[in-house]
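Have a look at the structure below, then the notes.
So that the names make sense, note that chain A is the first sequence line, chain B the second, and so on, each numbered from 1.
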Number of protein chains: 2
Amino acid sequence: MHTTPAGTERTTPLDHCAPPPRQHPRPDGKDHYTISEVVAFTGLTAHTLRWYERIGLMPHVDRSHTGQRRYTNRDLDWLDFVTKLRLTGMPVADMVRYAELVREGESTYGERQALLESTRRDVLGRIAELRGTLAVLDKKIGFYEQGAAAH
Amino acid sequence: MHTTPAGTERTTPLDHCAPPPRQHPRPDGKDHYTISEVVAFTGLTAHTLRWYERIGLMPHVDRSHTGQRRYTNRDLDWLDFVTKLRLTGMPVADMVRYAELVREGESTYGERQALLESTRRDVLGRIAELRGTLAVLDKKIGFYEQGAAAH
DNA sequence: TATGGCCTTGGAGTGCACTCCAGGCAAGCG
DNA sequence: CGCTTGCCTGGAGTGCACTCCAAGGCCATA
(Lines give C-alpha, C1' and ligand atoms only; values in the text may rest on other atoms or scores of the structure.)
Protein backbone atom coordinates (compact mmCIF):
# COMPACT_ATOMS: atom_id res chain seq x y z
CA MET A 1 0.00 0.00 0.00
CA HIS A 2 2.90 2.33 0.69
CA THR A 3 5.73 2.52 -1.79
CA THR A 4 8.69 3.72 0.21
CA PRO A 5 11.22 5.36 -2.08
CA ALA A 6 13.85 5.13 0.66
CA GLY A 7 14.92 8.75 0.46
CA THR A 8 17.90 9.63 2.58
CA GLU A 9 16.02 12.11 4.73
CA ARG A 10 12.51 10.70 4.97
CA THR A 11 11.68 9.33 8.38
CA THR A 12 7.96 9.42 9.06
CA PRO A 13 5.93 10.83 6.18
CA LEU A 14 3.46 12.33 8.64
CA ASP A 15 0.96 9.58 7.97
CA HIS A 16 -2.24 10.97 9.37
CA CYS A 17 -3.49 7.43 9.96
CA ALA A 18 -0.72 6.37 12.32
CA PRO A 19 -1.99 6.23 15.90
CA PRO A 20 0.37 8.51 17.88
CA PRO A 21 3.47 9.95 16.18
CA ARG A 22 5.25 9.50 19.50
CA GLN A 23 8.01 11.99 19.04
CA HIS A 24 11.27 11.39 20.82
CA PRO A 25 11.56 13.38 23.99
CA ARG A 26 14.14 16.12 23.99
CA PRO A 27 17.21 14.68 25.56
CA ASP A 28 19.41 16.86 27.70
CA GLY A 29 20.25 20.38 28.67
CA LYS A 30 21.35 21.21 25.16
CA ASP A 31 20.02 24.27 23.42
CA HIS A 32 21.14 23.80 19.85
CA TYR A 33 20.17 20.95 17.59
CA THR A 34 21.02 20.06 14.01
CA ILE A 35 18.26 19.75 11.51
CA SER A 36 18.38 15.96 11.66
CA GLU A 37 17.93 16.04 15.42
CA VAL A 38 14.90 18.24 14.96
CA VAL A 39 13.61 15.75 12.39
CA ALA A 40 13.88 13.05 15.04
CA PHE A 41 12.12 15.15 17.68
CA THR A 42 9.30 16.55 15.62
CA GLY A 43 8.60 13.96 12.94
CA LEU A 44 8.75 16.68 10.30
CA THR A 45 11.12 16.17 7.38
CA ALA A 46 14.19 18.33 6.88
CA HIS A 47 12.59 19.54 3.65
CA THR A 48 9.57 20.71 5.56
CA LEU A 49 11.66 22.44 8.22
CA ARG A 50 13.57 24.39 5.60
CA TRP A 51 10.35 25.17 3.78
CA TYR A 52 8.70 26.48 6.98
CA GLU A 53 11.62 28.83 7.34
CA ARG A 54 11.40 30.04 3.74
CA ILE A 55 7.73 30.90 4.02
CA GLY A 56 8.17 32.77 7.29
CA LEU A 57 6.64 30.22 9.61
CA MET A 58 9.80 30.06 11.75
CA PRO A 59 11.49 32.85 13.66
CA HIS A 60 15.05 33.26 12.44
CA VAL A 61 17.02 30.11 13.10
CA ASP A 62 20.61 30.36 14.28
CA ARG A 63 23.44 29.15 12.08
CA SER A 64 26.72 27.50 12.98
CA HIS A 65 29.94 29.09 11.73
CA THR A 66 29.65 26.89 8.63
CA GLY A 67 26.13 28.03 7.91
CA GLN A 68 24.27 25.01 9.21
CA ARG A 69 21.05 25.46 11.10
CA ARG A 70 21.14 25.23 14.88
CA TYR A 71 17.69 25.00 16.43
CA THR A 72 17.08 26.07 20.03
CA ASN A 73 14.64 24.63 22.55
CA ARG A 74 12.50 27.69 21.91
CA ASP A 75 12.42 26.74 18.22
CA LEU A 76 11.34 23.23 19.15
CA ASP A 77 8.55 24.63 21.33
CA TRP A 78 7.40 26.71 18.44
CA LEU A 79 7.50 23.72 16.09
CA ASP A 80 5.46 21.69 18.55
CA PHE A 81 2.88 24.43 18.67
CA VAL A 82 2.82 24.76 14.89
CA THR A 83 2.36 21.02 14.58
CA LYS A 84 -0.60 21.18 16.92
CA LEU A 85 -2.14 24.00 14.93
CA ARG A 86 -1.49 22.11 11.74
CA LEU A 87 -3.51 19.12 12.79
CA THR A 88 -6.49 21.30 13.51
CA GLY A 89 -6.56 21.80 9.75
CA MET A 90 -5.46 25.42 9.98
CA PRO A 91 -4.01 26.52 6.64
CA VAL A 92 -0.30 27.24 6.65
CA ALA A 93 -1.02 30.79 5.52
CA ASP A 94 -2.92 31.42 8.75
CA MET A 95 -0.09 30.03 10.81
CA VAL A 96 2.28 32.36 8.97
CA ARG A 97 -0.04 35.19 9.86
CA TYR A 98 0.19 34.23 13.52
CA ALA A 99 3.97 34.03 13.27
CA GLU A 100 3.99 37.54 11.83
CA LEU A 101 1.93 38.80 14.73
CA VAL A 102 4.40 37.25 17.14
CA ARG A 103 7.24 39.03 15.32
CA GLU A 104 5.43 42.34 15.59
CA GLY A 105 5.50 42.22 19.38
CA GLU A 106 3.16 42.87 22.26
CA SER A 107 0.91 45.25 20.37
CA THR A 108 -0.65 42.27 18.62
CA TYR A 109 -1.74 40.39 21.74
CA GLY A 110 -5.39 41.10 21.04
CA GLU A 111 -5.30 39.92 17.49
CA ARG A 112 -3.40 36.80 18.46
CA GLN A 113 -5.90 35.98 21.15
CA ALA A 114 -8.76 36.44 18.70
CA LEU A 115 -7.04 34.18 16.20
CA LEU A 116 -6.51 31.44 18.76
CA GLU A 117 -10.07 31.73 20.00
CA SER A 118 -11.41 31.36 16.50
CA THR A 119 -9.18 28.32 16.07
CA ARG A 120 -10.49 26.98 19.34
CA ARG A 121 -14.02 27.24 18.05
CA ASP A 122 -13.00 25.43 14.88
CA VAL A 123 -11.50 22.64 16.93
CA LEU A 124 -14.64 22.25 19.01
CA GLY A 125 -16.68 22.12 15.83
CA ARG A 126 -14.38 19.55 14.31
CA ILE A 127 -14.63 17.38 17.41
CA ALA A 128 -18.41 17.55 17.23
CA GLU A 129 -18.33 16.57 13.56
CA LEU A 130 -16.06 13.67 14.30
CA ARG A 131 -18.37 12.47 17.03
CA GLY A 132 -21.23 12.55 14.56
CA THR A 133 -19.17 10.50 12.15
CA LEU A 134 -18.31 8.10 14.92
CA ALA A 135 -22.00 7.51 15.56
CA VAL A 136 -22.58 6.73 11.89
CA LEU A 137 -19.62 4.40 11.79
CA ASP A 138 -20.77 2.56 14.88
CA LYS A 139 -24.19 2.04 13.38
CA LYS A 140 -22.76 0.65 10.15
CA ILE A 141 -20.27 -1.52 11.99
CA GLY A 142 -23.16 -2.83 14.04
CA PHE A 143 -24.94 -3.86 10.86
CA TYR A 144 -21.93 -5.72 9.59
CA GLU A 145 -21.34 -7.34 12.93
CA GLN A 146 -24.65 -9.11 12.78
CA GLY A 147 -24.29 -9.75 9.06
CA ALA A 148 -27.39 -7.72 8.37
CA ALA A 149 -28.08 -6.24 4.96
CA ALA A 150 -26.35 -2.90 4.79
CA HIS A 151 -24.12 -1.03 2.50
CA MET B 1 -10.00 37.50 1.66
CA HIS B 2 -12.22 35.53 -0.65
CA THR B 3 -12.42 36.56 -4.26
CA THR B 4 -15.73 35.21 -5.47
CA PRO B 5 -15.60 34.69 -9.22
CA ALA B 6 -19.38 34.39 -9.26
CA GLY B 7 -19.44 31.16 -11.22
CA THR B 8 -22.88 30.00 -12.27
CA GLU B 9 -22.73 26.78 -10.26
CA ARG B 10 -20.73 27.62 -7.14
CA THR B 11 -22.79 27.72 -3.97
CA THR B 12 -20.76 26.97 -0.88
CA PRO B 13 -17.06 26.33 -1.52
CA LEU B 14 -16.94 23.82 1.33
CA ASP B 15 -15.20 26.21 3.66
CA HIS B 16 -13.84 23.98 6.40
CA CYS B 17 -13.96 26.88 8.85
CA ALA B 18 -17.70 27.51 8.59
CA PRO B 19 -19.46 26.32 11.74
CA PRO B 20 -22.17 23.85 10.55
CA PRO B 21 -22.77 23.42 6.80
CA ARG B 22 -26.42 23.10 7.72
CA GLN B 23 -27.62 21.20 4.73
CA HIS B 24 -31.20 21.67 3.66
CA PRO B 25 -33.43 18.84 4.76
CA ARG B 26 -34.77 16.65 2.01
CA PRO B 27 -38.19 17.94 1.21
CA ASP B 28 -40.91 15.56 0.25
CA GLY B 29 -41.70 12.08 -0.93
CA LYS B 30 -39.73 12.59 -4.12
CA ASP B 31 -37.13 10.12 -5.20
CA HIS B 32 -35.36 11.86 -8.01
CA TYR B 33 -33.48 15.09 -7.76
CA THR B 34 -31.57 17.20 -10.25
CA ILE B 35 -27.94 17.89 -9.67
CA SER B 36 -28.66 21.40 -8.44
CA GLU B 37 -31.07 20.06 -5.85
CA VAL B 38 -28.39 17.69 -4.66
CA VAL B 39 -26.01 20.64 -4.47
CA ALA B 40 -28.49 22.35 -2.18
CA PHE B 41 -28.92 19.28 0.02
CA THR B 42 -25.32 18.21 0.35
CA GLY B 43 -23.29 21.40 0.08
CA LEU B 44 -21.09 19.73 -2.53
CA THR B 45 -20.63 21.49 -5.86
CA ALA B 46 -22.03 20.08 -9.10
CA HIS B 47 -18.46 19.75 -10.29
CA THR B 48 -17.63 17.59 -7.31
CA LEU B 49 -20.72 15.45 -7.76
CA ARG B 50 -19.82 14.73 -11.37
CA TRP B 51 -16.24 14.13 -10.40
CA TYR B 52 -17.26 11.65 -7.68
CA GLU B 53 -19.14 9.75 -10.32
CA ARG B 54 -16.22 9.73 -12.75
CA ILE B 55 -13.82 8.30 -10.20
CA GLY B 56 -16.20 5.57 -9.15
CA LEU B 57 -17.24 6.97 -5.80
CA MET B 58 -20.94 6.91 -6.73
CA PRO B 59 -23.07 3.93 -7.71
CA HIS B 60 -24.50 4.49 -11.17
CA VAL B 61 -26.77 7.50 -11.16
CA ASP B 62 -30.01 7.43 -13.15
CA ARG B 63 -30.49 9.71 -16.12
CA SER B 64 -33.59 11.46 -17.43
CA HIS B 65 -34.64 10.82 -21.02
CA THR B 66 -32.51 13.81 -22.00
CA GLY B 67 -29.44 12.50 -20.26
CA GLN B 68 -29.55 14.62 -17.12
CA ARG B 69 -28.70 13.07 -13.77
CA ARG B 70 -31.54 12.08 -11.48
CA TYR B 71 -30.39 11.31 -7.96
CA THR B 72 -32.43 9.05 -5.69
CA ASN B 73 -32.82 9.22 -1.93
CA ARG B 74 -30.49 6.26 -1.77
CA ASP B 75 -27.89 8.31 -3.64
CA LEU B 76 -28.33 11.13 -1.16
CA ASP B 77 -27.84 8.71 1.74
CA TRP B 78 -24.65 7.51 0.14
CA LEU B 79 -23.46 11.08 -0.37
CA ASP B 80 -24.16 11.89 3.26
CA PHE B 81 -22.12 8.91 4.29
CA VAL B 82 -19.29 9.81 1.94
CA THR B 83 -19.31 13.34 3.30
CA LYS B 84 -18.99 11.98 6.82
CA LEU B 85 -16.10 9.78 5.81
CA ARG B 86 -14.49 12.67 4.02
CA LEU B 87 -14.34 14.82 7.09
CA THR B 88 -12.51 12.13 8.99
CA GLY B 89 -9.67 12.86 6.59
CA MET B 90 -10.06 9.56 4.77
CA PRO B 91 -8.46 9.85 1.32
CA VAL B 92 -10.86 9.71 -1.60
CA ALA B 93 -9.04 6.65 -2.91
CA ASP B 94 -10.02 4.72 0.22
CA MET B 95 -13.63 5.77 -0.14
CA VAL B 96 -13.55 4.53 -3.71
CA ARG B 97 -12.21 1.25 -2.40
CA TYR B 98 -15.16 1.01 -0.04
CA ALA B 99 -17.55 1.82 -2.89
CA GLU B 100 -16.02 -0.99 -4.91
CA LEU B 101 -16.55 -3.41 -2.05
CA VAL B 102 -20.18 -2.39 -1.89
CA ARG B 103 -20.51 -3.01 -5.60
CA GLU B 104 -19.01 -6.47 -5.23
CA GLY B 105 -21.80 -7.59 -2.93
CA GLU B 106 -22.23 -9.49 0.30
CA SER B 107 -19.00 -11.42 0.01
CA THR B 108 -17.12 -8.29 1.06
CA TYR B 109 -18.90 -7.72 4.36
CA GLY B 110 -15.84 -8.73 6.33
CA GLU B 111 -13.51 -6.42 4.49
CA ARG B 112 -15.95 -3.54 4.73
CA GLN B 113 -16.33 -4.02 8.44
CA ALA B 114 -12.57 -4.06 8.86
CA LEU B 115 -12.24 -0.88 6.84
CA LEU B 116 -14.84 0.92 8.91
CA GLU B 117 -13.31 -0.28 12.15
CA SER B 118 -9.94 1.00 11.10
CA THR B 119 -11.56 4.30 10.21
CA ARG B 120 -13.23 4.31 13.59
CA ARG B 121 -9.87 3.97 15.28
CA ASP B 122 -8.55 6.85 13.18
CA VAL B 123 -11.44 9.01 14.26
CA LEU B 124 -10.88 8.24 17.92
CA GLY B 125 -7.22 9.10 17.47
CA ARG B 126 -8.07 12.33 15.72
CA ILE B 127 -10.44 13.32 18.50
CA ALA B 128 -7.73 12.67 21.05
CA GLU B 129 -5.27 14.79 19.06
CA LEU B 130 -7.76 17.60 18.82
CA ARG B 131 -8.35 17.50 22.54
CA GLY B 132 -4.62 17.80 23.06
CA THR B 133 -4.56 20.80 20.78
CA LEU B 134 -7.50 22.28 22.61
CA ALA B 135 -5.56 22.07 25.87
CA VAL B 136 -2.63 23.92 24.30
CA LEU B 137 -4.91 26.56 22.84
CA ASP B 138 -6.62 27.10 26.16
CA LYS B 139 -3.30 27.56 27.89
CA LYS B 140 -2.14 30.14 25.33
CA ILE B 141 -5.46 31.92 25.35
CA GLY B 142 -5.20 32.06 29.12
CA PHE B 143 -1.84 33.80 28.81
CA TYR B 144 -3.23 36.39 26.43
CA GLU B 145 -6.30 36.91 28.57
CA GLN B 146 -4.21 38.15 31.46
CA GLY B 147 -1.85 39.94 29.12
CA ALA B 148 1.05 37.81 30.33
CA ALA B 149 4.18 37.36 28.25
CA ALA B 150 3.59 34.58 25.78
CA HIS B 151 4.17 33.91 22.17
C1' DT C 1 44.25 12.39 0.21
C1' DA C 2 40.05 10.45 -0.54
C1' DT C 3 35.67 8.78 0.83
C1' DG C 4 31.39 9.23 3.20
C1' DG C 5 28.11 11.68 5.77
C1' DC C 6 25.64 15.66 6.82
C1' DC C 7 24.44 19.93 5.50
C1' DT C 8 23.47 23.98 2.11
C1' DT C 9 20.70 26.36 -1.86
C1' DG C 10 17.09 27.73 -5.58
C1' DG C 11 14.02 25.94 -8.21
C1' DA C 12 11.33 22.30 -10.19
C1' DG C 13 8.13 18.43 -9.45
C1' DT C 14 4.32 15.72 -7.11
C1' DG C 15 -0.22 14.21 -5.37
C1' DC C 16 -4.53 15.31 -3.89
C1' DA C 17 -8.99 17.12 -4.31
C1' DC C 18 -11.14 19.63 -6.53
C1' DT C 19 -12.32 23.60 -10.01
C1' DC C 20 -12.97 25.55 -14.21
C1' DC C 21 -13.49 25.97 -19.29
C1' DA C 22 -15.31 25.67 -23.93
C1' DG C 23 -18.62 24.02 -26.64
C1' DG C 24 -23.01 22.12 -27.04
C1' DC C 25 -27.95 20.13 -26.18
C1' DA C 26 -32.83 20.51 -24.43
C1' DA C 27 -36.75 22.85 -22.31
C1' DG C 28 -39.53 26.82 -21.19
C1' DC C 29 -40.98 31.55 -21.95
C1' DG C 30 -42.29 36.10 -24.47
C1' DC D 1 -38.30 32.25 -33.24
C1' DG D 2 -34.85 33.75 -30.23
C1' DC D 3 -33.23 33.93 -25.57
C1' DT D 4 -32.18 32.29 -21.12
C1' DT D 5 -31.46 28.71 -17.93
C1' DG D 6 -29.87 24.40 -16.59
C1' DC D 7 -27.35 20.60 -17.60
C1' DC D 8 -23.96 17.77 -20.34
C1' DT D 9 -18.87 16.31 -21.68
C1' DG D 10 -13.61 15.70 -21.79
C1' DG D 11 -9.85 17.75 -20.59
C1' DA D 12 -7.08 21.38 -18.71
C1' DG D 13 -5.99 24.29 -14.68
C1' DT D 14 -5.56 25.54 -9.63
C1' DG D 15 -4.01 25.73 -4.81
C1' DC D 16 -2.07 23.64 -1.11
C1' DA D 17 1.53 21.44 1.30
C1' DC D 18 4.94 19.48 0.70
C1' DT D 19 8.85 16.71 -1.78
C1' DC D 20 12.63 16.16 -4.50
C1' DC D 21 16.71 17.34 -7.38
C1' DA D 22 21.35 18.75 -8.67
C1' DA D 23 25.32 20.79 -7.46
C1' DG D 24 28.20 21.92 -4.01
C1' DG D 25 30.62 23.08 1.02
C1' DC D 26 32.60 21.31 5.32
C1' DC D 27 34.63 17.95 8.24
C1' DA D 28 36.02 13.41 10.26
C1' DT D 29 37.83 9.07 9.75
C1' DA D 30 40.67 5.49 7.03
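- Under a 3.5 Å cut-off, the side chain of Ser118(B) and the backbone N or O of Ala114(B) do not form any donor-acceptor pair.
- Thr119(B) contributes a side-chain N or O that, together with a main-chain N or O of Leu115(B), makes up a donor-acceptor pair within less than 3.5 Å.
- Rounding to whole angstrom units, CZ of residue Arg50(B) and C1' of dA17(C) are separated by 16 Å.
- Arg70(A) comes within 4.0 angstrom of nothing in the nucleic acid, heavy atoms only.
- Using modelled atom types, one side-chain atom of Thr133(A) and one backbone atom of Glu129(A) make a donor-acceptor pair closer than 3.5 Å.
- Within the 4.0 angstrom heavy-atom criterion, only backbone atoms of the sugar-phosphate kind lie near Ser36(A); the bases stay farther away.
- Contact check, Tyr52(A) against dC18(D): a side-chain N or O comes under 4.0 Å of OP1 or OP2.
- Here CG of Leu57(A) is found 8.0 Å from CH2 of Trp51(A). Values are rounded to the nearest 0.5 Å.
- Applying the 4.0 Å criterion to OP1 and OP2 of dC25(C), one finds that His65(B) has every side-chain N and O outside that range.
- For the pair Leu44(A) CG and dC18(D) P, the computed distance is 8 Å after rounding to whole Å.
- In terms of polar N and O atoms assigned as donor or acceptor, the side chain of Arg54(B) comes within less than 3.5 Å of the base of dG11(D) in a complementary pairing.
- Salt bridge Arg103(B)/Glu100(B): absent, no basic N to carboxylate O contact under 4.0 Å.
- The C1' atoms of five pairs define one axis at each end of the helix from dT1(C)-dA30(D) to dG30(C)-dC1(D), and these two axes lie 10° apart (to 10°).
- In this entry the distance linking CG of Leu85(A) with C1' of dA17(D) reads 16 Å, nearest Å.
- In this structure, Glu37(A) atom CD and dC7(C) atom C1' are separated by 13 Å, rounded to whole Å.
- Across the protein-nucleic acid pair, Ile55(B) atom CD1 and dT19(C) atom P stand 13 Å apart, rounded to whole Å.
- In this structure, the NE2 atom of His47(A) is 12 Å from the P atom of dC7(C), given to the nearest Å.
- Side-chain proximity of Thr34(A) to dT8(C), dC8(D), dC7(C): nearest is dC7(C).
- Looking at residues two or more places apart in sequence or on another chain, you find no salt bridge (charged side-chain N to carboxylate O under 4.0 Å, His left out) involving Arg54(B).
- Contact check for Ile35(B) versus Gln68(B): no side-chain heavy atoms found under the 4.5 Å cut-off.
- Comparing Met95(B) and Arg69(A) by the nucleotide of DNA chain C whose heavy atom lies nearest to each, the residue mapping closer to the 5' end is Arg69(A).
- Only one option out of Arg112(B), Glu111(B), Gln113(B), Glu117(B) pairs with Tyr144(A) in a side-chain hydrogen bond (donor to acceptor under 3.5 Å, both in side chains); it is Arg112(B).
- If you take OH of Tyr71(B) and C1' of dC7(D), they are 11 Å apart, rounded to a whole angstrom.
- For Arg63(B), the side-chain atoms get nearest to dT9(D) when compared with the rest of dT9(D), dC27(D), dC18(D).
- Regarding Leu49(B), its CG atom lies at a distance of 16 Å from the P atom of dA17(C), rounded to whole Å.
- Place Gln68(A) and Thr48(A) on DNA chain D by their nearest nucleotides, and Thr48(A) ends up nearer the 5' end.
- For the OP1/OP2 pair of dC18(C) and a distance below 4.0 Å, the side-chain nitrogens and oxygens of Arg86(B) include at least one atom meeting the criterion.
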